[in-house]
Structures are given as structure tokens and as C-alpha cells.
Colleague: 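There's a structure below that I have some questions on.
In what follows, chains are A, B, ... by sequence order, proteins preceding strands, each numbered from 1. Just so you know, these numbers use all the heavy atoms, side chains as well, and skip hydrogens, waters and symmetry mates.
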Amino acid sequence: MAKGITKRSENYSQWYNDIVIKAGLAENSAVRGCMVIKPYGYAIWEKMQAALDTMFKETGHENAYFPLFIPKSFFAKEAKHVEGFAKECAVVTHYRLRTTADGKGIEVDPDAKLEEELIVRPTSETIIWNTYKGWIQSHRDLPILINQWANVVRWEMRTRLFLRTAEFLWQEGHTAHATEQEAIAETKQMINVYANFAENWMAVPVIKGSKSESERFAGAIDTQAIEALMQDGKALQAGTSHFLGQNFAKAFDVKFADKDGNLSHVWATSWGVSTRLMGALVMAHSDDNGLVLPPKLAPYQVVIVPIYNNMEQLDQMTEKANEIMAILRKNNISVKYDGRDAFRPGHKFAEYELKGVPIRIAIGPRDLEQGNIEIARRDTLEKKVYPQTEMLEVIKNLLDEIQINIYQKALKFRNENTFKTDSYEEFKKILDTTGGFILAHWDGTTETEEKIKEETKATIRCIPFDSPLEEGKCMVTGKPSIRRVLFARSY
RNA sequence: CGGGGUGUAGCGUAGCUUGGUUAGCGCGCCUGCUUUGGGAGCAGGAGGUCGUAGGUUCGAAUCCUACCACCCCGACCA
């Protein structure tokens, strides 16, 4: 139906790409691996930011900003951390350009070599903990609860719009605490914030859990994650919250004096979500007609398309649309009117379906005459005619209903594609047919996890918090296991 | 970095094997008229360093060499 969008059943990743580009969310830039986020895509990101930022502040955090550049030596201080990021760092080595000898081009001036190279931050733990050292002396200085909205760079070898780009936007929270329990509670609080955001704003159900050792953040004691299931049966890590123990405090020598005057190292957490959430949003709900957006994150929740036979009628529809917009806006419903004369209604209908606008209103001479209005919902593509007097109530209810409906739809899909198995053969079969989440027993060793990854490309997405204790045997080695863990192929 | 592939208008492409008129087509764009309840029709029009540099030739989008860029598969990926 939709022009130029590959069907999901034909080629899922091409479908994803088509939607991102044709809906005007983002496009590839002239810079390898870096994307341009276009206005419509950025508007969604801004909505995400606004909701998250409010949640962070409600949980006591403040925003701050730290440098883009990190001295190379900082990375050397936390051994695991550097090991994890070394292979994907962009490095600044010089600070000046000069005209080439032939006068035609420019080149790096070899005389302008930096004493110490600067790393473009792939994450900010090191620069932040170096800074915290100067801020923390006493237990009275704690906790420090800071969030940063920033861009980071990770030199990935293969990139995909939103899902994995060399530069991406994110937020990173970095907190410092006097006690281990407090830091652990913070880690948990923030993974819950993320899960709440994913489920209630993005309408994407997620599974919360801890990462296995091999999937842990470089430098963390415990990495907690929310994992979502995409329509092709692959998992997407949508957010992480790390309990960092005293690793960074020790690396950067950050100590505080407690009430008794004893010095001890500070306990830390960090947590983040990125523009990857945009990818999750697209893949979770969209269909072969285009994007489907949850009303809470749609740049505009309602679009009005006029239908007319001449300019005089267009003026009448515009007048009516202005009335409707005033009512909706008074009720905090965002609305756009598309009075462009260059396109016919059918064209606009298709365009807004592609862009995922939750509700579309059409008004034409017939409606005006009969005091009606046509309202169409994007999630089910149903349209109905209502008396204009009912418009506000219908739309209010529909927005709520769509938000819930797309969540329920995604939840149903996830439930239908979450499997339990005790057989490695069946495990492989599931991966090669439907895909999805698989709950299975694992002996807890990195070797077995690695073997499974090599043989099936599936990884442990997390050890779910709600996974009950259950005697079992590892599906690969037969060694004892106390609970099932969540496997999937992932993005 | 290994294997494969592609560069022609904003986008998608034909032409290349076998060198030879003015590089063709679709979408999009501009102008006008008719249209407008599910991606409009007609007429006219604009838009090209054929990836870059060199070579062969009377003549190169086409053949040769080098380079560059991008894409796919693999390796890599809190």
C-alpha cells in the first residue's frame, strides 16, 4: 500500500530503514557512520528528553555538563574501562591546520601536535570522576546526583540509523554515594525509571534484569538493563543502569570522611539511554504503512486534513479547522493543520500514516453541512464519522486508547514470542524459526555463554529480576542451574 | 582488515559487452489550466564536471591504470 516502503515480511531491516528515511526521522550524513536527525525525528527525541528529564528531576537529580574531550591518561586509570572502549575511540592528536605547499588544500600542521592526545568521550565516567574528586571530601558532600545530556562517539565498524551510530545523543547519569546499599538502590531506582518510561511513554514492554559478566559495562560490578523484543524476534537493549562499586572512586582516588572521621572510597552508579530508543520505538509498533507513534511521544497527536472543491470551500474548512485546533490546544492536545493546496487529500492521508500521527481528522463540505467530522486512528486504521459536538471527548478517549492499545499489542507479541525450553536443539530451532526471547537454564559460566553465542548468535540478554528460583540443568552442559536466564539474538 | 559489489540530474535508473548524432526514462521540482472524500490529469519547462585523476584513440559514460567514496557479507559492537 504505502509507496516505497519495503514490507516487513520481505526484508525487515530494509523496512526499518525505509521508515526512518521516508517518515523523515533521520538520514545518513556525509560523515561515515554519523546521521542527521531531521526535524520530525528530533521532535520525538525532544519529547523523550522532556519526559525523562522530568523523571530524573523528580528522583532528585540535577543536570550538568562535562567536556567532550577526555585526556588519554584518564582512560588508563580504570583498567577494565579502557579495555572495553579502547577499540572504538576517536582521538584528537592536533589542534591546527595549515595550507598545503601547493596552496590548493589544507593539511594537519605537524607542529601543532598535542602534548597529550584527547579522546572524544565514548562515555564520561573518567572525566566526571576526575571532577568529583574535587567535590567530595565529607559525607556531607554526598550523594551527588547528576545527569548530563550529551553526544558521545563510539567508532563502530558497522552502523545503522539510530540503532548504532558513530556519534549519538544520550543522557548519562553519574551518581556518588556514601554507602554500597545506597548506590545499589540508586541503580535499581534508575532501571525502574527507564522501564516506566519505556512502557508508559514509548508503549514498549521491557524485561528488567542483570547482565551476565561478559555483557557487563566495562568497569561495572553489576549492569542492569531493560530488554525489548522487536517485531523480527530480535532483542534490543533499551537502557542500562550500572552499579560501579568503588572501582572509579579507587581509580580516581575519591574518598570521603564519614561521621567518625574514617576515610573510605565513594560508591558509584551510572545509567543511560540514547537515541537508540528511537530505533526501538520505530521497530516496536510500526507497520507496512509506516510509523506508528504512541500519542505521548508524537510531535503532533492530531492532524487535520481539509477536503474541498474550490478555494471558497478551503477557506470554510480552514475556519472550521481553526475552531477545532483552538479547542484541542486548550485541552493540551497538539494538532497540526495541513492546508496545502498542492496535494490532494489521499496523498495527505498516506503521508500522515507514514509519519505515524495517532489521529487524523478530515473535514469536507459534506461534514460541514451535516455537522459531522471524520476521525481516523493510525494504530488500527479505522475511521468513523462523529457529530462535531463529540469531537473533543472522542479524541481524548482515542489518544488514551491508542497509547494502551499499542502497548497491549506489543505485549501480546512479546508474550507469544517468549519461549521456555530445556533442550539446546529446540533452542536452536526457535532461533531459526520464530526468534524471540528464550528462557533457559545456563550453568553460569562465561565459557558456556560464549559457546552458545558462537553456535547460535544468541546471547544472554539478562538474568530477569522476576525469574523465579527453579532447579534445573544447563541446556548445554547439564550442570546445575538455579534459575532461567533470558536469551535472544539481539541488535 | 579479508571477500564481493556499485558510483550517470535531488532520488531511482537505462546506455558500457561491441567507443561514434543532442546521454534516455521514471519519481520529484517549476509554470499554467482542470482537479481535490485514499498517493490527480494534461500541456509546457528547468536541472548532468557520467565518482576523481591520468592514459589509449580522430573520438571515451563506454576501453586501460591508479585513487576516492559508498553498499553488502565477515571480523568488531556498555
Colleague: Of A/Met311 and A/Lys348, whose nearest nucleotide on RNA chain B comes first from the 5' end?
Modeller: A/Met311

Colleague: A/Glu353 CD to B/G37 P: how many Å, rounded?
Modeller: 14 Å

Colleague: Assign A/Phe243 to base, sugar-phosphate, or nothing according to its heavy-atom contacts below 4.0 angstrom with the strands shown.
Modeller: nothing

Colleague: Between A/Trp271 and A/Thr269, is a side chain to side chain donor-acceptor pair (under 3.5 Å) present by the stated rule, with each step listed?
Modeller: CA-CA 7 Å; A/Trp271 29 273; A/Thr269 82; 3.3 Å; yes

Colleague: Could you tell me whether A/Trp155 contacts a base, only the sugar-phosphate backbone, or nothing, with contacts defined as non-hydrogen atoms closer than 4.0 Å?
Modeller: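 Result for A/Trp155 = nothing.
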
Colleague: Quote, to the nearest angstrom, the P distance that separates B/C25 from B/G44.
Modeller: 13 Å

Colleague: Looking across every strand, which nucleic acid part, if any, lies under 4.0 Å from A/Pro122 by heavy atom: base, sugar-phosphate, or nothing?
Modeller: nothing

Colleague: Quantified in whole Å, what is the P atom distance between nucleotide B/A14 and nucleotide B/C67?
Modeller: 27 Å

Colleague: Using a 4.0 Å heavy-atom cut-off, does A/Asp367 contact any base of the nucleic acid, only the sugar-phosphate backbone, or nothing at all?
Modeller: base

Colleague: Atom NE2 of A/His347 and atom C1' of B/C27: how far apart are they, to the nearest Å?
Modeller: 12 Å

Colleague: Whole angstrom is fine here: how far is it from CG in A/Leu163 over to P in B/C77?
Modeller: 18 Å

Colleague: At under 4.0 Å, does any side-chain N or O of A/Lys457 touch on OP1 or OP2 of B/G74?
Modeller: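 Yes, such a contact exists.
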
Colleague: Can you tell which of B/G37, B/C77, B/G39 lies closest to the side chain of A/Arg164?
Modeller: B/C77

Colleague: Base, sugar-phosphate, or nothing: which does A/Gly84 touch, judged by heavy atoms less than 4.0 Å apart?
Modeller: nothing

Colleague: Expressed in angstrom and rounded to an integer, what is the separation of A/Asp341 atom CG from B/C33 atom P?
Modeller: 12 Å

Colleague: Is any side-chain N or O of A/Lys87 closer than 4.0 Å to OP1 or OP2 of B/C77?
Modeller: yes

Colleague: Find the distance A/Asn28:CG to B/A69:C1' and express it as a whole number of Å.
Modeller: 13 Å

Colleague: Is the shortest side-chain N/O distance from A/Arg360 to OP1 or OP2 of B/G38 below 4.0 Å?
Modeller: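 No, no such contact exists.
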
Colleague: Categorize A/Glu215 for me: base, sugar-phosphate, or nothing, with a 4.0 angstrom heavy-atom threshold over every strand shown.
Modeller: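 Here A/Glu215 touches the backbone only, sparing every base.
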
Colleague: Between B/G37 and A/Lys383, counting only base atoms on the nucleotide and side-chain atoms on the residue, is there a donor-acceptor pair under 3.5 Å?
Modeller: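 Flag unset: no donor-acceptor pair detected.
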
Colleague: Between C1' on B/G41 and CZ on A/Phe343, what's the gap in Å once rounded to a whole number?
Modeller: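 To the nearest whole Å, that distance equals 16 Å.
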
Colleague: Hey, does A/Arg366 reach any base, or is it just sugar-phosphate, or nothing, if we go heavy atoms under 4.0 Å?
Modeller: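 Base, at least one base atom sits under 4.0 Å.
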
Colleague: May I ask you to say what A/Gln237 touches in the nucleic acid, namely base, sugar-phosphate or nothing, with a heavy-atom cut-off under 4.0 Å?
Modeller: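 Base, at least one base heavy atom under 4.0 Å.
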
Colleague: Checking ring pair (Phe, Tyr, Trp, His ring centres under 6.0 Å) for the pair A/Tyr132/A/Phe252: CA distance, chi angles, key distance, verdict?
Modeller: CA-CA 9 Å; A/Tyr132 282 0; A/Phe252 288 88; over 10 Å; no

Colleague: Is A/Glu351 side chain donor-acceptor paired with the B/G39 base, going by distance under 3.5 Å alone?
Modeller: no

Colleague: In whole Å, I'd like the distance from the CZ atom of A/Arg160 to the P atom of B/C76.
Modeller: 19 Å

Colleague: Indicate yes or no for a side-chain donor-acceptor contact from A/Asn17 to the backbone of A/Val20 under 3.5 Å, with no hydrogens or angles considered.
Modeller: no

Colleague: Using atom CD of A/Glu454 as one end and atom P of B/A75 as the other, report the distance to the nearest whole Å.
Modeller: 10 Å

Colleague: Check every atom of B/G38, B/G37, B/U36 against the side chain of A/Tyr308 and return the nucleotide holding the closest atom.
Modeller: B/U36

Colleague: Quantified in whole Å, what is the C1' atom distance between nucleotide B/U8 and nucleotide B/A60?
Modeller: 14 Å

Colleague: Given B/C77, B/G38, B/G37, which nucleotide is nearest the side-chain atoms of A/Pro345?
Modeller: B/G37

Colleague: Can you confirm whether A/Ser124 sits close enough to A/His174 that some side-chain heavy atom of one is under 4.5 Å from a side-chain heavy atom of the other?
Modeller: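 Result yes, sub-4.5 Å side-chain heavy-atom pair found.
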
Colleague: Could you check whether any side-chain heavy atom of A/Trp45 comes within less than 4.5 Å of a side-chain heavy atom of A/Tyr42, counting everything from C-beta outward?
Modeller: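 Counting from C-beta outward, A/Trp45 and A/Tyr42 do come under 4.5 Å.
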
Colleague: Using purine N1 to pyrimidine N3 plus N6-O4 or O6-N4 for Watson-Crick, or N1-O2 and O6-N3 for G-U wobble, both under 3.5 Å, which nucleotide pairs with B/U22?
Modeller: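 Partner of B/U22: none found under 3.5 Å.
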
Colleague: Measure the acute angle between the ring planes of A/Phe343 and A/His347, then classify it against the limits of 30° and 60° as parallel, tilted or perpendicular.
Modeller: parallel

Colleague: Quick one: does any side-chain atom of A/Tyr40 pair with a main-chain N or O of A/Lys355 as donor and acceptor, under 3.5 Å?
Modeller: yes

